[in-house]
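What follows is a set of notes on a single structure, which appears directly below.
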Amino acid sequence: MEQDSAAEDSVNNDSMDEDENKLSIKEEPDSQDEKENITANLSQASSCDYSMSQFSKTEPAFDDVKVDSNIKEEMDEQDSDEDIPLRSSFHNKSRLASRLSTAKRKMNDSDEDDDDDVPLSARKKMKTEKKKKKKQIMSDMEDEEDYIPKKKKQKKNVFSDDEEEDYKPIKKEKKKIESEEEDYNDLKKKKTAAKKVKKEPKSTVKSEKSEDSSPKKGRKKKEEDQPEVWKWWEEEKKDDGTKWHFLEHKGPVFAPPYECLPSNVKFFYDGEEIKLSESAEEIAGFYAKMLDHDYTSKETFNNNFFKDWRKSMTEKERSKITDLKKCNFKQMHAYFMDIAEKNRSRSKEEKQALKEKNEELMKEYGFCKIDGHNEKIGNFKIEPPGLFRGRGEHPKMGKLKRRLEAEDIIINCSKDSVYPKPPEGHKWKEVRHDPTVTWLASWTENVQNQVKYIMLNPSSKLKGEKDMMKYETARRLHSCIDKIRKEYREDWKSKEMRVRQRAVALYFIDKLALRAGNEKDEDQADTVGCCSLRFEHIELHEKKDDKEYVVVFDFLGKDSIRYYNEVPVEKRVFKNLQLFMENKQAGDDLFDRLNTAIMNKHLNELMEGLTAKVFRTYNASWTLQQQLDLLTNEDDTVAEKILSYNRANRAVAILCNHQRAVPKGHQKSMEKLKEKIEAKKENIRDAERQVKDAKREANNGSVKEKMVYDKKKKMLERLKDQLAKLEIQETDRDENKTIALGTSKLNYLDPRISVAWCKKYDVPIEKIYNKTQRDKFRWAIDMAGPDYRF
DNA sequence: ACGCCGACTTGTAGAGAAGAAG
DNA sequence: CTTCTTCTCTACAAGTCGGCGT
């Protein structure tokens with residue numbers, strides 16, 4: 001069959017490029033073998049392993065296809081980046097200029113595919129320019145705007161214990177607190193109980209949906225009793241667009257007011273001591289705290305900070321302080337470090353007191369009432385002011401994140417609830433009653449102008465329900481994935497450029513679990529996903545390390561994390577990519593007829609509720625299940641089973657490219673570990689000698705010596721065990737140094753798979769999920785039996 | 001049909017707590 | 001007990017995606 005398809009190739013080959021350019025592609029189905037090929041690939045693709053290394057075999061070679069020399073240069077340039085750090089800006093430079101050129105060319109060139117739709121990038125360009133202008137104007141205006149100093153707050157000696165006072169002091173409504181005390185104790189007890197009793201009973205004894213929204217005294221301390229959790233997943237679901245009928249909460253907790261520095265902490269400008277005004281001092285403090293962070297060595301960060309800082313200054317300060325380099329924050333920095341140190345070395349009592357205070361705050365503000373149940377809130381504290389820390393090369397890093405007041409906050413709650421009270425002398429921006437959204441409070445953050453929310457904890461019904469639906473959608477995808485895969489394979493041959501691009505992009509999304517890749521503004525870090533891939537992000541190799549048709553991806557994805565992958569692809573994909581890259585240069589969109597809206601619209605037609613990200617969920621969960629089936633051994637010890645689970649988890653994390661920075665001191669701790677292993681080996685050698693000696697003596701008879709011999713032998717075994725453990729630890733840690741398992745566990749793996757696995761193989765669920773995770777996945781824990789299949 | 005924005009999910013860093021080792 | 005390591009949890013940035021207004 002290989003021969004046949006090769007034959008087909010050779011027939012088409014000479015003219016193929018041109019053919020495809022004109023997109024006058026033969027309609028008739030490809031040869032039988034190709035079909036077989038497809039099915040083979042399909043079955044392999046769906047058969048499980050999506051982890052990087054195991055991509056389907058490629059088809060036979062065909063003649064060289066010329067690659068633009070431009071392209072080659074481009075590629076060579078980027079070849080040298082083996083050592084690019086996790087987060088990097090290496091793609092940034094050419095972007096703007098080239099985008100411009102793209103657009104120009106795109107607009108002038110009414111090129112090959114007149115029959116096709118208009119390239120999106122041309123329009124994109126124009127819009128970008130317009131936007132830029134608008135942004136410029138806006139930021140100009142903003143610059144002129146005077147900074148209005150916030151009103152003074154009472155000053156305190158900052159060295160006092162009050163420093164520790166967390167957020168807004170709680171008004172002592174003694175009675176109330178007491179009346180709830182009991183309840184609270186229950187909660188606390190539960191907490192400790194959960195900690196101590198490692199083997200929680202699996203299914204919690206629920207308080208038969210007792211409709212007491214505010215739990216009363218009657219509730220006695222059964223440890224399993226979880227007042228804030230009920231079996232919502234057994235309730236009938238109503239789907240009328242409303243998310244709740246009754247919602248009541250206490251409102252957000254504000255950041256504590258600013259306290260001035262003690263007078264012995266000084267600030268110098270150009271060698272001269274300057275007493276800063278309060279507002280300027282506060283912001284200087286934000287910077288001083290970060291002095292030993294990498295951020296402060298970045299130009300963008302410094303510029304943005306300095307600009308915003310000057311806005312907060314008085315006229316006099318502003319005229320004096322004109323150069324950040326002449327600022328000396330050393331004393332301030334030392335002061336903050338000192339405080340941090342003191343905080344770290346707090347006594348037990350202090351820590352305890354602090355903890356209690358926090359718990360009280362949590363108790364008061366951390367819960368809300370929603371449709372007859374108490375639910376935990378996710379983030380009930382308003383974000384404190386500070387300097388914006390964008391990831392990667394963010395153009396706005398270092399800008400001041402304003403302090404928020406009640407006047408900035410919109411409250412969402414039931415009309416018939418007790419509204420939260422704004423702090424003394426303040427008013428909410430608005431109180432609304434919108435049951436179609438799930439947030440309790442929101443505000444607009446000033447750096448990026450984005451809305452931020454206060455929402456429920458993942459353990460809540462609202463979140464859990466959504467989470468479950470997500471996995472249900474992914475499972476639905478499972479039932480039609482074969483059809484979809486077949487379809488996009490067909491589409492690689494389509495006459496229409498946009499269909500081909502869509503099909504190839506979908507292939508990447510499916511196979512590599514790439515993100516969709518929305519367009520981004522100019523004032524955000526330059527990162528991409530599948531649909532926004534640009535010319536410079538992939539390289540094509542006919543042959544690489546004895547693999548054929550290799551595509552090398554190298555780009556910065558979400559959070560500016562580098563995605564690097566060498567993927568052998570099918571011939572058709574490869575040829576299509578060559579086609580897409582023709583007449584393009586760095587900065588041009590690879591898929592110029594495609595964006596996420598188009599992709600998702602198409603996907604939705606294939607299956608209701610299907611979007612690009614479902615593929616990530618689907619492939620992650622599917623991989624986990626496959627890997628677990630593959631790796632788990634019935635007779636293994638629990639520890640070994642857990643190792644298998646972690647391996648499966650790791651496979652998923654690799655698929656999803658969940659990386660982390662190498663932990664600080666990884667190198668060092670590795671060395672230490674190695675030393676330890678060496679020492680252990682030495683010990684073992686020593687012990688072996690001793691055993692030998694002992695044996696000799698034991699042979700001479702006496703009982704005592706025999707005992708000594710036995711002892712020594714046991715010792716030796718123990719040592720060997722320890723060594724083995726250390727070595728496992730070593731490899732494990734090294735493999736894990738750049739891989740983050742948490743994200744996939746939390747967001748991509750259907751918890752029911754894990755739960756089922758635990759139940760089937762008798763692994764306690766606590767070994768897999770910690771307390772928070774168990775809370776979040778309670779629905780799955782209660783719901784899935786050992787036979788659950790994704 | 002497009003571009004903007006609101007709502008919600010996903011993602012990492014880093015602080016602090018807990019656990020292990022010395 | 002102290003110190004170093006690992007685990008847990010929070011904070012908040014940065015994605016996805018749908019809907020709405022133009």
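Chain identifiers are assigned alphabetically (A, B, ...) following the order of the sequence lines, protein sequences preceding nucleic acid strands; residue numbering begins at 1 within each chain. All values derive from a computational prediction rather than experimental measurement.
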Examine dG6(B): is either OP1 or OP2 under 4.0 Å from a nitrogen or oxygen in the side chain of Ser442(A)? Give yes or no.
-> no

Give Tyr453(A) one of three labels, base, sugar-phosphate or nothing, depending on what nucleic acid heavy atoms sit under 4.0 Å from its own.
-> base

Select one nucleotide: of dA7(B), dC12(C), dA14(C), the one nearest the side-chain heavy atoms of Phe388(A).
-> dA14(C)

Checking dG6(B), dT10(B), dA13(C) against the side chain of Asn747(A) (C-beta onward), the nearest is dT10(B)

Write down the distance between NZ (Lys357(A)) and C1' (dG16(B)), rounded to a whole number of angstrom.
-> 18 Å

Taking only N and O in the side chain of Lys520(A), is any of them less than 4.0 Å away from OP1 or OP2 of dG15(C)?
-> yes

So, Ser621(A) versus Tyr471(A): side-chain donor-acceptor pair below 3.5 Å or not?
-> no

Under-4.0 Å side-chain N/O to phosphate OP1/OP2 contact, His394(A) with dA14(C) | yes

Starting from C1' on dG11(B), measure out to CG on Asp559(A) and report it in whole angstrom.
-> 5 Å

Do the rings of Phe777(A) and Tyr769(A) sit parallel, tilted or perpendicular, given the 30° and 60° boundaries?
-> tilted

Would you mind classifying the nucleic acid contact of Lys401(A) as base, sugar-phosphate or nothing, using non-hydrogen atoms under 4.0 angstrom?
-> sugar-phosphate

First encountered from the 5' end of DNA chain B, between Met455(A) and Thr743(A) = Met455(A)

Identify whether any heavy atom of Gly517(A) sits under 4.0 Å from a base atom; if not, whether one sits that close to sugar-phosphate; answer base, sugar-phosphate or nothing.
-> sugar-phosphate

Interatomic distance, Leu746(A) CG vs dC7(C) P [rounded to whole Å] | 16 Å

Using a strict cut-off of less than 4.0 Å between a Lys/Arg side-chain nitrogen and an Asp/Glu carboxylate oxygen, indicate whether Arg752(A) and Glu472(A) qualify as a salt bridge.
-> yes

Using distance alone, with no hydrogens and no angle criterion, decide if Asp592(A) and Gln501(A) have a side-chain donor and acceptor under 3.5 Å apart.
-> yes

Hey, can you tell me if Trp779(A) and Trp232(A) have their rings parallel, tilted or perpendicular (30° and 60° cut-offs)?
-> tilted

Measure the distance from CD on Gln659(A) to P on dA13(B) and round it to the nearest whole Å.
-> 10 Å

Atom-pair distance (CZ on Arg660(A); C1' on dT6(C)), nearest Å = 10 Å

Is the closest side-chain donor-acceptor distance between Thr438(A) and Tyr453(A) under 3.5 Å?
-> no

Closest to the 5' end of DNA chain B, once Tyr295(A) and Ser744(A) are matched to their nearest nucleotides, is Ser744(A)

Looking at every strand, decide which applies to Ala612(A) at a 4.0 Å heavy-atom threshold: base, sugar-phosphate, or nothing.
-> sugar-phosphate

First encountered from the 5' end of DNA chain C, between Gln450(A) and Asn770(A) = Asn770(A)

Check whether any side-chain nitrogen or oxygen of Arg515(A) sits under 4.0 Å from OP1 or OP2 of dG11(B), and answer yes or no.
-> yes

Answer with base, sugar-phosphate or nothing: what part of the nucleic acid does Gly742(A) contact at a heavy-atom distance below 4.0 Å?
-> nothing

Look at the side chain of Lys558(A) against the base of dT10(B) and say whether a donor-acceptor pair falls under 3.5 Å; ignore hydrogens and angles.
-> yes

Angle class for the Phe553(A)/Phe555(A) ring planes (parallel below 30°, perpendicular above 60°, tilted otherwise)?
-> perpendicular

Can a side chain N or O of His293(A) be found less than 4.0 Å away from OP1 or OP2 on dA13(B)?
-> no

Check for a donor-acceptor pair, side chain of Arg403(A) on one end and backbone N or O of Pro384(A) on the other, with a separation under 3.5 Å.
-> no

From CG of Asn604(A) across to P of dC17(C) the rounded distance in Å is 11 Å

Among dA13(C), dT10(B), dT9(B), the one nearest any side-chain atom of Lys470(A) is dT10(B)

Check whether any side-chain N or O of Lys452(A) sits under 4.0 Å from OP1 or OP2 of dC8(B), and answer yes or no.
-> no

Calculate the interatomic distance between Asn457(A) atom CG and dA11(C) atom P; express it in whole Å.
-> 12 Å

Mind checking Arg389(A) for me? I need base, sugar-phosphate or nothing, with any heavy atom below 4.0 Å counting as a touch.
-> sugar-phosphate

Base, sugar-phosphate, or nothing: which does Asn518(A) touch, judged by heavy atoms less than 4.0 Å apart?
-> base

Tell me what Lys601(A) touches on the nucleic acid: a base, only sugar-phosphate, or nothing, going by heavy atoms under 4.0 Å.
-> nothing

Taking only the side-chain heavy atoms of His658(A) (C-beta and beyond), determine which of dC8(B), dG11(B), dG18(C) contains the nearest atom.
-> dG11(B)

According to a strict under-4.0 Å criterion, is Lys613(A) in side-chain N/O contact with OP1 or OP2 of dT10(B)?
-> yes

Measure the distance from NZ on Lys399(A) to P on dC12(C) and round it to the nearest whole Å.
-> 19 Å

Just call it for Gln448(A): base, sugar-phosphate, or nothing, with non-hydrogen atoms closer than 4.0 Å on any strand.
-> sugar-phosphate

Considering just the side-chain nitrogens and oxygens of Tyr748(A), establish if one lies under 4.0 Å of OP1 or OP2 belonging to dG11(B).
-> yes

Which is true for Thr438(A) with a 4.0 Å heavy-atom rule: it touches a base, it touches only sugar-phosphate, or it touches nothing?
-> sugar-phosphate

